[in-house]
Amino acid sequence: MSTTPKNLEELKKELLDKMPTKVARKRDKAIVPGAESGETIPVIQANVRTIPGILTQRGCTYAGCKGVVLGPTRDIVNLTHGPIGCGYYSWLTRRNQTDAGEDGDNYIPYCLSTDMTENDIVFGGEKKLRAAIKEAYDNFKPKSISVFATCPVGLIGDDIHAVTRQMQEELGITVFANSCEGYKGVSQSAGHHIANNQIFRHVIGTDDTPVEGKYKINLLGEYNIGGDAFEIERIFEKCGITLLATFSGNSTITQFRQAHHADLNTVMCHRSLNYVAEMMETKFGIPWIKINFIGAEATAKSLRRIAAYFEDPELMARVEQVIAEEMPAVKAAAAEVLPRTTGKTAMLFVGGSRAHHYQDLFREIGMETLAAGYEFAHRDDYEGRHVLSTIKVDADSRNIEELEIEPDPVRYNPRKTPEQIKALEDQGVRFKVYEGLIGEMKKEALIIDDINQYETHKIIELMKPDIFCAGIKEKYIIQKMGVPLKQLHNYDMGGPYAGFVGAVNWYHEIDRLVNTKVWSLIKAPWNDNGPELEAAYV
Ligand code: CFM
Ligand code: HCA
C-alpha cells in the first residue's frame, strides 16, 4: 500500500510508545494486521474491559439495549427508569427513522422517563415506576410498554420485573422490563444481548395469525438510520420478497410477534441481533444467513444469496432483473466521482459492524481503507467463522440458557482446517461461516479494537487518511486536525446509504468531503499558538 509509510510493527511501536509498559502490553493485543490475501487470521483481543483512564468511544449497556435494539420500534412505549439524563441524552440522537403507519402509533418522538431523584434513590423507585407506567398507558393506550433500567436502579435493587409483571396483568398489554443498567458488561454489546433475550422471551412468536407472502424473510440488525431500511424495503418489494419484520428499524410489535412465520432470517448487523437469529433457529427452525446491503455490489450479492436460499428460478430471475435495472445509475455515479476519489484513503472506527460493511462502499469508488476497528465487537466479528450452539432454548418454557458466552479457546478457532470443522460438525457443533473484518483487509492495514483518543490522534498523524469515519465524540477533534470526519453512526444529516440509491448518495457525499479544499486551511488550535493557549497569568 503506497500510502502506508511504515510497516505494521513500526507503526504499532509508535502508537504504543508513550504508554506505560503494562498498558502498552494490553493494547498491543488489540492491534493486528489484515489477512485479505490468505494470511492466517490473527487472534485479536476484543470485548474486554477498557483500561481505566483511557478515553474510549464506547457506550453503555443501557445505550445498547434501549437506544439501539429496542428503541426504534414505533409502537412500543419506551420508558427509562432513572434520573432524567439517560433518557434525555438518548432521545432521537441516533436518527433511526420510522413511518408512522396507518394507525399513527408512533412514540419515537417522545422521551419518557421516571425522572428519579434523590428521594427515590433513598426510598426506592418502584412506586414511581408503577405510576409512570400507568400514566404512559393512560396517555397513549399503547400495545406495549418496555422499561429500561439505568445504573442507580440496579444499585438500589428496584425489582422492575415484578412491577412490569404486575402492570401487564393490570393493564392487559405487554409490559416488560430490561435490566440493562449502564455498568453491566464492558460496552453497549451487553445491552444488545439483554434486549435480544427480552424481545425473544416476551414478544417474538406470540401471534400465530398466518402471514401471506411468497418468500418470507426477516431482516435482523437494520435500524433505518437515515432511511436505510426504507431503501431496503423498496428493493425487497421490487424483487417480490416479503419482509415480515425488521429488527428493529421501521418496525412494529405486531411484526415481531409474527416474525416466526418467516422462512429465512437475514442478518445485517451480526453484532447486535445474532442472539435472536440463533434463538429463532433453535426454537422455530428458521435458518439465518449473513447479508449486507451497504454497497451496491454487496446489495446485489445479498439479493442473490437470498434467492439462492429459496432455490426458485422465478425469484432468481426477478432478482437479476432488479439488479440489471438498478445498476446503471450506480455505475454512472461511480464513474463520475472515480477520477476524483481513486487513490484516496479512509479510516473507519465504528461500533460493531459498520467499520467492516462500509469498506465495500469505499472500494467501489477506488478508495482503500488504511485502518479500521470496532468499538465493542467480539472476536467472531473480527475473525469471522463462528461457532453456533452457544444458546439453548427450551421450546415450552421459553427459557434461554446460555451455554457459553466467551468463545471456547479450543473449539473457537478461526484457523481450523475444513477437515477439523467437518469433524466438529459431525459431533453436532454448528458453524456459521462468514467473513470477519480481518479477512477482508490488506496485510498492510491496521486493525485496532476499542481505539482510544490518543491512538486516534496518533494514527492520523502517522498514516494521514483523506477521510475518517467515526462518531460525534471524535468528529470535531479530528476535523480540527484538518481531516474530514463522516459520522457513520447517524450519517450527519445524510443518508440513506444502503442499497442502490444509498450507494449513489454515498459516492457523491464522499467525493465532496475528500475533495473540498477547506480542510487544508484548518489549523488545530493546539498547533496555532492561539490566545487560548497563551493566556498569561500574572
Ligand atoms: Fe450494529 Fe448499528 Fe453497528 Fe450497533 Fe451502534 Fe448504530 Fe454503530 Mo452507533 S447496531 S453494531 S450498537 S450497525 S448505534 S445502527 S451506528 S455503534 S456500527
Ligand atoms: C450509542 C449510539 C451511537 C452513538 C454514536 C456516536 C449511535 O452507542 O449509544 O458516538 O456518535 O449510533 O447513535 O452508537
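Whatever order the structure lists ligands and atoms in, that order sets their numbers, starting from 1.
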Rounded at 0.5 Å granularity, tell me how far OG in Ser189 sits from CD in Glu375. 11.5 Å
Less than 3.5 Å between some nitrogen or oxygen of Lys473 and one of ligand 2, yes or no? yes
Among all the protein's non-hydrogen atoms, which is closest to atom 5 (Fe) of ligand 1, and how far away is it? Phe376 CZ, 4.0 Å
My understanding is that only one of Val68, Asn224, Asn490 makes a side-chain contact (heavy atoms from CB on, under 4.5 Å) with Arg94; could you say which? Val68
Pick, from Cys65, Gly352, Ala377, Ser187, the option with the minimum heavy-atom distance to atom 10 (S) of ligand 1. Gly352
Can you measure from CG (Asn515) to CH2 (Trp519) and round to the nearest 0.5 angstrom? 12.5 Å
Report yes or no: does Tyr374 have a heavy atom closer than 4.0 Å to ligand 1? no
Counting only heavy atoms closer than 4.0 Å, does ligand 1 sit against the backbone of Ser353, its side chain, both, or neither? both
Does some non-hydrogen atom of His192 fall short of 4.0 Å from ligand 1? yes
So which protein heavy atom does atom 4 (C) of ligand 2 come closest to, and at what separation? His489 ND1, 4.0 Å
With rounding to the nearest 0.5 angstrom, report the CG to CD distance, Asp450 to Glu455. 8.5 Å
Nearest 0.5 Å, please: how far is CD1 in Ile477 from CG in Leu485? 10.0 Å
Relative to the heavy atoms of Ser272, which atoms of ligand 1 are at a distance of less than 4.0 Å? 1 (Fe), 9 (S)
Any heavy atom of Gln57 under 4.0 Å from ligand 2? The part involved is neither
Close side-chain approach of Phe247 to Ile204, heavy-atom, < 4.5 Å: yes
What atoms of ligand 2 come closer than 4.0 angstrom to any heavy atom of Ala63? 9 (O)
Are any of the N or O atoms of Thr93 closer than 3.5 Å to those of ligand 2? no
Are side-chain N/O atoms of Asn250 and Asp99 paired as donor and acceptor at under 3.5 Å? no
List the closest protein heavy-atom neighbour of atom 1 (Fe) of ligand 1: residue, atom name, distance to the nearest 0.1 Å. Cys269 SG, 2.2 Å
In this structure, does ligand 2 have an atom that sits under 4.0 Å from one of the heavy atoms of Gly59? no
Val68: numbered ligand 1 atoms lying under 4.0 Å from its heavy atoms: 9 (S), 11 (S), 13 (S)
Test log, rule salt bridge (charged side-chain N to carboxylate O under 4.0 Å, His left out), inputs Arg363 and Glu297: CA-CA 10 Å; Arg363 256 178 234 124; Glu297 292 299 337; over 6 Å; no
If you take the nearest heavy atom of each of Arg94, Glu375, Arg95, His489, which one is closest to atom 13 (S) of ligand 1? Arg94
Using the rule given for salt bridge (charged side-chain N to carboxylate O under 4.0 Å, His left out), can you reason through Glu509 versus Arg512, listing the C-alpha separation, both sets of side-chain angles and the distance that settles it, and then say yes or no? CA-CA 5 Å; Glu509 173 77 345; Arg512 276 193 294 268; 3.1 Å; yes
Measure the spacing between CD of Glu231 and CG of Asn505 and express it to the nearest 0.5 Å. 8.5 Å
Flag yes if more than 12 heavy atoms outside Lys301 fall under 6.0 Å of its NZ atom; otherwise flag no. no
Is the shortest distance from a heavy atom of Gly221 to ligand 1 less than 4.0 Å? no
For ligand 2, which is the ligand I care about here, please tell me if Gln188 has any N or O atom under 3.5 Å from one of the ligand's N or O atoms. yes
Heavy-atom proximity to atom 6 (C) of ligand 2, picking from Ile472, Val68, Ile225, points to Ile472
Mind checking the CG-CE spacing from Asp466 to Met367? Nearest 0.5 Å is all I need. 6.0 Å
Heavy-atom contacts with Arg354 under 4.0 Å: which atoms of ligand 1 show up? List them by number with element. 12 (S), 14 (S), 15 (S), 17 (S)
Top protein contact for atom 13 (O) of ligand 2, by heavy-atom distance: Arg94 CG, 3.5 Å
